[in-house]
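To start, the structure under review is shown below, and the notes come after it.
Just follow the structure's listing: the first ligand is 1, and inside any ligand the first atom is 1.
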Amino acid sequence: MAKVHETVLEIDLKALKHNFHFIKSKLLPDTKILAVVKAFAYGSDSIEVAKCLENLAVDYLAVAYVKEGVALREAGIKLPILVLHPQSVNFKTLIDYCLEPSIYSFFVLDTFLELVTKEKLQDYPIHLKFNTGLNRLGFKSPDVESVMTKINNSDSLKVKSVFSHLAASEDIDEKAFSENQIKAFKEIISNIEPYLDYKPIYHLCNTSGIMNYPHAHFDMVRTGIGLYGFGNSDKIDTQLKPIATLKSIISQIHQLDAGESVGYNRAFRASKPMRSATIPIGHADGIGRQYGNQKGFVTVRDHKAPIIGNVCMDMLMVDITDIPCQEGDEVVLFGKSPSAVSFSQTTQSISYEIITGISQRVKRVYLK
Ligand SMILES: *Cc1c(COP(=O)(O)O)cnc(C)c1O
């Protein structure tokens, strides 16, 4: 790996391929794969990741918002793109860029139907989202009749897929709840089927669902975090490879006398002679203030250097008293080791939050 001279997020596309093949090995040969690339592909780079996934012949992509889908289309991505949480003000743009909406409420259905009718579109692909227990987005099971009647009364829409989302797929203690969601989803499928003379794609599982509920893969699975190297369990994590490594350097080293303080509000006070190193990454880059004051750490030459004092906007300071190192040396925040899981656990956070929060200011570099 190349030596860095500034803060970078290194994205390993070989690791992405490895994760894709690992996830695929958990599926039946015919099960389709939808890759979730929302939030800049979980904080990496949605365009580079989507191009790589397109080469791997993934079946579908998903983003949360229309704007994210537009960015993929403008980069030349041709795969079908499901927009999980479109807002009605963006429906015209969604159509202009051939994006496919999740339709999750009567308001969304009626507004979209009105637009496609006005535009005289035929068979525009939509994805029906049902709520089976997460209570976030989705129609309820008894809505099937009126949803399907509205859709069948027009020739403007085609139900490309029907889906739901598990609330606790990673939590084995909630197995009974998840099995109930699977059962509820099957009932929804059998209630929808009589209304259609074609077969939509049915899908329910996210990454942990793929691993823990192999009997619930249906026609397609939706994987996000797994592609990026995390499986919400130690067992799966050892078989996946984190694609993102956040690295920086030591900008400056300070010798501190006992009694000196470090950083804003003098939050850290040296009780003995110490050495501190200043690292050019701060809360504006996604390392929040909760990592300050000895909660989080960076890794310098395989040693843990705790973050001391308050994390600043553009910098943080670490204790390197017992670590032989010099200005210009590389430091790692998270990557293969320590992983984003162990880094985020220092603040009771989770891999999803730390990786998606690395701001666009941090330069992305790619290992292809
Ligand atoms: C984000 C998201 C996913 C991906 O979940 P992972 O746990 O990252 O695999 C799947 N489905 C929906 C509806 C989502 O919002």
Quiz prompt | ligand 1 to G226 polar contact by distance, N or O atoms, under 3.5 Å | solution = no
Quiz item: Which residue supplies the protein heavy atom nearest to atom 7 (O) of ligand 1, what is that atom called, and how far is it?
Solution: Y352 OH, 2.6 Å
Quiz item: Are K38 and Y65 in a cation-pi setup, meaning NZ or CZ lies under 6.0 angstrom from the ring centre and within 45 degrees of the ring axis?
Solution: no
Quiz item: Do K304's NZ or CZ and the ring of F297 fall within the cation-pi criteria of under 6.0 Å and 45°?
Solution: yes
Self-check item: For ligand 1, the portion of L84 having any non-hydrogen atom under 4.0 Å away
Solution: side chain
Practice problem: With heavy atoms only and a cut-off of under 4.0 Å, state how H85 meets ligand 1: side chain, backbone, both or neither. | Solution: neither
Self-check item: Distance-only side-chain donor-acceptor flag, Y352 / N232, under 3.5 Å
Solution: yes
Self-check item: Protein contact of atom 9 (O) of ligand 1 - nearest heavy atom, named by residue and atom, plus distance
Solution: T207 OG1, 2.5 Å
Exercise. Provide the number and element of each atom of ligand 1 under 4.0 Å from a heavy atom of R136.
Key: 15 (O)
Quiz item: Starting from atom 5 (O) of ligand 1, which protein heavy atom do you reach first, and at what distance in Å?
Solution: N206 CB, 3.4 Å
Quiz item: So which bit of V36 gets within less than 4.0 Å of ligand 1, heavy atoms only: side chain, backbone, both or neither?
Solution: side chain
Quiz item: When only distance counts, is Y42 in polar contact with ligand 1, meaning an N/O pair under 3.5 Å?
Solution: yes
Quiz item: Which heavy atom in R289 sits nearest to a heavy atom in V311, and how many Å separate them?
Solution: CG-O, 3.8 Å
Quiz item: In this structure, which one of R364, K241, K336, K368 forms a salt bridge (charged side-chain N to carboxylate O under 4.0 Å, His left out) with D12?
Solution: K336
Quiz item: Relative to each other, are the rings of H18 and F22 parallel, tilted or perpendicular (30° and 60° limits)?
Solution: parallel
Quiz item: Purely on distance, is any nitrogen or oxygen of K129 under 3.5 Å from one on ligand 1?
Solution: no
Practice problem: Mind listing the closest non-hydrogen atom pair of K92 and L115 along with its distance? | Solution: N-CD2, 3.7 Å
Quiz prompt | Proximal candidate to atom 2 (C) of ligand 1 [heavy atom criterion; set R222, E170, K38] | solution = K38
Self-check item: Value rounded to 0.5 Å, distance of CG in L34 from OG in S161
Solution: 8.5 Å
